[in-house]
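Heads up: the structure comes next, in structure tokens.
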Amino acid sequence: MLDGSDGTMAAAIVQMSCLYRGMLAVRATGIRTLIPGLVPLQFRAFSVRKEPELEENPYFSKYQDKIQKLRSAKPQEYKARVENRHKAKKDVLGHSKQAEFVRLMEQELEQKEKMAASDGESGGFTKNKTLDSILDLDKIRDKTGEEIAELWMNYYSTKDTISAVIPTPMYELILSRSKSCQMFLYALPQKEGYEFFLGQWSGHELHFTSLINVQMHGENAPSQLILYHYADLKDQKGVVLMTAELDPKNITVHQAQCLANQVQLFYGTQRKETYRLVETFNQHPADFKHMLVIAELEQSGLGSTAAPGGS
């Protein structure tokens, strides 16, 4: 589901592989080797007639010889593999235990906030970017929220980025939730499966980076997409203006739009079950199931917005 299908979903794939029955046998108790170092014949060519799970596995015949050799030559290693298999089989498929991962990201957020407080920098692609650096606020003072919204969307319609105009009530709900739930895991549809991105709030900015990027670089993982929300006009005009900066080497405009849409889906929803995923990720990360994010995304139909240019 990630690029190369070998990233964060690796654990789930291992769990899936362990759900296949068979390929293992348990040695009968009470039988010992007659001479130290020699393996009884029944161990070297053990019967599987009483192991129906082995026979049901479509790959058993392919690996039968290797299983027998491992069991007879290295019984301790064989036993360890059996135990690991049963342990993995008990795990729920799609169950993501990432409490430690969340703590790591919280530490990163605290470091960013300390840096911002000390030197006044936002840590985004463009430092200290303000609304008046984009719009002439004096010239729009007499315009309505609808007129400003039209100007904003027209301005960005010819640029390689995304933009939005968010009604004040909706943004206040999103912002309020972002303060108690600063991070969330988003699923970005690709041609073959999904790629996961971590979204992390810092004030009015929302930073995204791929989960595999976090796994590779840890706390030094760079932002690949930043959503900037300008709340300067939210009280007088009833709108919050949003635009973004993205790293075109790692994310397309269509993909950025899909991630931005998901912010409203998960943080701006009135559906308790949907927002509960955000709360679970932040407050009970051991209980978070990333497959439910995909289910919500597919149910909403937002996944189609990332289809063009998907990798």
Side-chain angles (χ1 to χ4, degrees), residues 109 112-113 115-179 181-184 186 188 197-209 222-269 302 305-306 308-309:
L109 179 61
K112 287 184 177 180
E113 290 177 343
M115 292 176 61
S118 62
D119 58 18
E121 296 179 352
S122 65
F125 287 10
T126 302
K127 298 176 181 179
N128 299 321
K129 192 172 184 178
T130 59
L131 183 59
D132 57 12
S133 67
I134 305 173
L135 288 178
D136 188 333
L137 297 181
D138 290 333
K139 290 184 178 181
I140 65 170
R141 195 175 304 278
D142 296 330
K143 296 187 179 296
T144 65
E146 291 77 9
E147 291 172 331
I148 295 172
E150 184 177 359
L151 287 172
W152 184 260
M153 297 305 292
N154 287 339
Y155 175 75
Y156 281 103
S157 63
T158 59
K159 300 184 181 298
D160 292 329
T161 187
I162 62 174
S163 61
V165 178
I166 307 171
T168 294
M170 171 67 72
Y171 182 71
E172 288 181 340
L173 175 62
I174 293 174
L175 185 64
S176 173
R177 288 175 168 177
S178 73
K179 293 178 180 179
C181 297
Q182 296 177 319
M183 293 177 291
F184 190 60
Y186 300 84
L188 184 64
F197 276 73
L198 181 76
Q200 181 176 347
W201 285 90
S202 178
H204 295 285
E205 297 179 5
L206 179 53
H207 296 241
F208 288 92
T209 191
S223 297
Q224 296 172 317
L225 168 68
I226 303 178
L227 305 185
Y228 298 98
H229 301 86
Y230 299 102
D232 308 54
L233 307 174
K234 73 179 183 67
D235 294 328
Q236 292 183 335
K237 306 297 183 180
V239 293
V240 174
L241 306 177
M242 186 276 285
T243 187
E245 290 184 334
L246 56 89
D247 180 358
K249 298 189 298 295
N250 294 290
I251 191 168
T252 68
V253 173
H254 284 96
Q255 291 170 338
Q257 186 66 64
C258 180
L259 291 173
N261 290 342
Q262 289 185 55
V263 177
Q264 180 172 337
L265 171 66
F266 290 104
Y267 278 84
T269 183
L302 289 179
T305 60

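All values below were derived from every heavy atom in this structure, side-chain atoms included, with hydrogens, water molecules and symmetry-related copies excluded. Count residues from 1 along the sequence.
Taking the side chain as every heavy atom from C-beta outward, I251 and L259 approach each other to under 4.5 Å. Counting only heavy atoms from C-beta outward, the side chains of V263 and W201 approach each other to under 4.5 Å. Residues W152 and T243 form a side-chain contact, since some pair of their non-hydrogen atoms from C-beta on lies under 4.5 Å apart. With a 4.5 Å cut-off on side-chain heavy atoms, L206 and F184 do not count as touching. When side chains are defined from C-beta on, N261 counts as touching Q257, because their heavy atoms get closer than 4.5 Å. Under the 4.5 Å side-chain criterion, counting only non-hydrogen atoms from C-beta, V165 is in contact with L241. Using a 4.5 Å cut-off on side-chain heavy atoms (C-beta onward), I134 and K129 make contact. Counting heavy atoms from C-beta on, the side chains of R177 and T269 come closer than 4.5 Å.
The structure places CE of M242 at 9.5 Å from CD1 of I174, a figure rounded to the nearest 0.5 Å. Here CG of D136 is found 10.5 Å from CG of L131. Values are rounded to the nearest 0.5 Å. Atoms NE2 and CG, from H254 and L188 in turn, are 12.0 Å apart once rounded to the nearest 0.5 Å. Once rounded to the nearest 0.5 Å, the distance linking OG of S178 with CG of L175 reads 4.5 Å. Annotation: the span from M183 atom CE to H207 atom NE2 amounts to 13.5 Å, rounded to 0.5 Å. Here the OH atom belonging to Y186 is positioned 9.5 Å from the CG atom belonging to L265, to the nearest 0.5 angstrom.
The cationic atom of K234 (NZ for Lys, CZ for Arg) does not lie both less than 6.0 Å from the six-membered ring centre of Y171 and within 45° of the ring axis.
Across all non-hydrogen atoms, the minimal contact from I162 to A260 is CD1-CB, 3.7 Å. The shortest heavy-atom contact between S223 and T209 is CA-CB, 4.5 Å. In plain terms, the two heavy atoms of Y156 and S163 that are nearest each other are CB-OG, 3.5 Å. The minimum heavy-atom distance between G145 and V239, with the atom names listed, is O-CG1, 4.2 Å. Residues A244 and L225 share a closest heavy-atom pair of CB-CD1, 4.0 Å.
At distances below 3.5 Å, not a single donor-acceptor pair connects side-chain atoms of H204 with backbone N or O atoms of Y230. Between the E205 side chain and the S202 main chain, no donor and acceptor come within less than 3.5 Å of each other. Y267 contributes a side-chain N or O that, together with a main-chain N or O of C181, makes up a donor-acceptor pair within less than 3.5 Å.
Remark: E150 CD is loosely packed, at most 12 non-hydrogen atoms of other residues, nucleotides or ligands lying under 6.0 Å away. Counted within 6.0 Å of CG on D132, heavy atoms from surrounding residues, nucleotides or ligands total more than 12; the atom is thus considered enclosed.
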Next on the checklist: One pair to check against side-chain contact (heavy atoms from CB on, under 4.5 Å): F197 and Q224. What are the steps and the verdict?
Outcome noted: CA-CA 10 Å; F197 276 73; Q224 296 172 317; 3.3 Å; yes
Checklist entry - side-chain contact (heavy atoms from CB on, under 4.5 Å) between L233 and I140: does it pass, once the steps are laid out? => result CA-CA 10 Å; L233 307 174; I140 65 170; 4.0 Å; yes
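Screening I148, T168, T144 for a side-chain contact (heavy atoms from CB on, under 4.5 Å) with K237, the sole residue that qualifies is I148.
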